[in-house]
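Keep in mind the model is a prediction, meaning the values are calculated, not measured.
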Amino acid sequence: MSVLFPKVPKPRGWDYRPIYYDKEKEARKDKLARLHRGSFREAHEANTHKRTNQNQRKSKLMFWIALLGLLLVVFYYFL
């Protein structure tokens, strides 16, 4: 019997939940976002991270400049 009439799965049901605009909820969310945006700790940590990266770049640059200068001095005296 299954050869002539194979079992066909039922289609998936429609599960639609409408989303409504809640003006008060949106106002609370905006207010909370404005308060969180002004966090001093996050701004300080972000700036500290940038400063350490800049210091590391400067120290690497100074290392390569010193190495180049040392090589120039060595080549000058030996050649």
Side-chain angles (χ1 to χ4, degrees):
M1 188 116 176
S2 65
V3 174
L4 296 175
F5 301 104
K7 290 186 178 181
V8 179
K10 291 184 177 183
R12 192 172 54 173
W14 182 257
D15 188 22
Y16 174 72
R17 287 183 227 145
I19 300 172
Y20 295 102
Y21 178 73
D22 187 5
K23 196 172 189 177
E24 293 174 3
K25 185 177 178 182
E26 290 293 322
R28 281 190 306 241
K29 190 185 293 183
D30 290 340
K31 188 175 181 182
L32 183 64
R34 271 188 269 126
L35 288 174
H36 185 67
R37 231 181 322 175
S39 175
F40 293 112
R41 178 176 287 169
E42 290 176 1
H44 176 70
E45 289 173 356
N47 289 338
T48 303
H49 182 67
K50 287 179 186 177
R51 274 189 254 133
T52 56
N53 283 342
Q54 289 174 351
N55 289 341
Q56 288 174 351
R57 277 190 242 146
K58 286 181 183 177
S59 64
K60 285 182 182 179
L61 179 64
M62 291 302 293
F63 168 76
W64 288 111
I65 290 173
L67 185 64
L68 180 64
L70 181 67
L71 288 174
L72 288 174
V73 168
V74 168
F75 282 124
Y76 178 75
Y77 279 115
F78 287 111
L79 295 179

- Task: Find the distance between CG (D22) and CZ (R28) and round it off to the nearest 0.5 Å.
- Result: 6.5 Å
- Item | By side chain to side chain contact (heavy atoms under 4.5 Å, CB included) - contacts of K23 (at least two apart) | Y21
- Task: Calculate, to the nearest 0.5 Å, the distance between atoms CZ and CG belonging to F75 and L71 respectively.
- Result: 6.0 Å
- Message: Take a 6.0 Å sphere around CD of E24 and say whether it holds more than 12 heavy atoms from other residues, nucleotides or ligands.
- Response: no
- Between CG of L72 and CG of L67, what distance do you get to the nearest 0.5 Å? 9.5 Å
